[in-house]
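To start, the structure itself, in structure tokens.
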Amino acid sequence: RISSKKRGPYRAEHLRLAQESIDKSDMIIGGVLADPVDGALFLFRGEDGGEKAKAFAEGDPYVVNGLVTEWKVRPYLVPLENVP
């Protein structure tokens with residue numbers, strides 16, 4: 001768990017990079033896990049989503065500045081989806 005005091009100096013850049021990734025349609029959604037707040041989940045789009053996720057994590061200021069010391073990229077299979 002990362003305290004808000006430690007996150008503070010890096011949060012704006014973290015959110016900017018996440019929003020930029022969403023705007024480019026690379027990231028579908030992202031957010032913190034709750035009860036307890038002990039991690040986060042980011043979902044990336046496409047066959048190269050794993051590479052996009054890895055690049056995001058490696059450039060994330062929380063990772064770069066040592067606040068997040070463990071992360072992993074895993075594939076997500078979509079058995080069902082809501083397609084209009």
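- The shortest distance between side-chain heavy atoms of D60 and V68 does not fall below 4.5 Å.
- Considering every non-hydrogen atom in both I28 and R45, the closest pair reads CG1-NH2, 3.6 Å.
- The environment of E58 atom CD is dense: over 12 non-hydrogen atoms of other residues, nucleotides or ligands sit within 6.0 angstrom.
- Contact annotation: the side chain of R11 approaches that of L15 to within less than 4.5 Å [non-hydrogen atoms, C-beta and beyond].
- A perpendicular orientation is assigned to the rings of F42 and H14, their planes being inclined by more than 60° (bins at 30° and 60°).
- Heavy-atom minimum distance, L17 versus G59: CD1-O, 3.7 Å.
- Once rounded to the nearest 0.5 Å, the distance linking CE of M27 with CZ of F56 reads 4.0 Å.
- For the pair N65 (side chain) and L67 (backbone), a donor-acceptor distance under 3.5 Å is absent.
- In this structure, CG on L41 lies 8.5 Å from CD1 on I29, to the nearest 0.5 angstrom.
- Qualifying salt bridge (charged side-chain N to carboxylate O under 4.0 Å, His left out) partners for R16, counting only residues two or more places apart in sequence or in other chains: E13, E20.
- Using a 4.5 Å heavy-atom threshold, the side chains of S21 and K52 count as separate.
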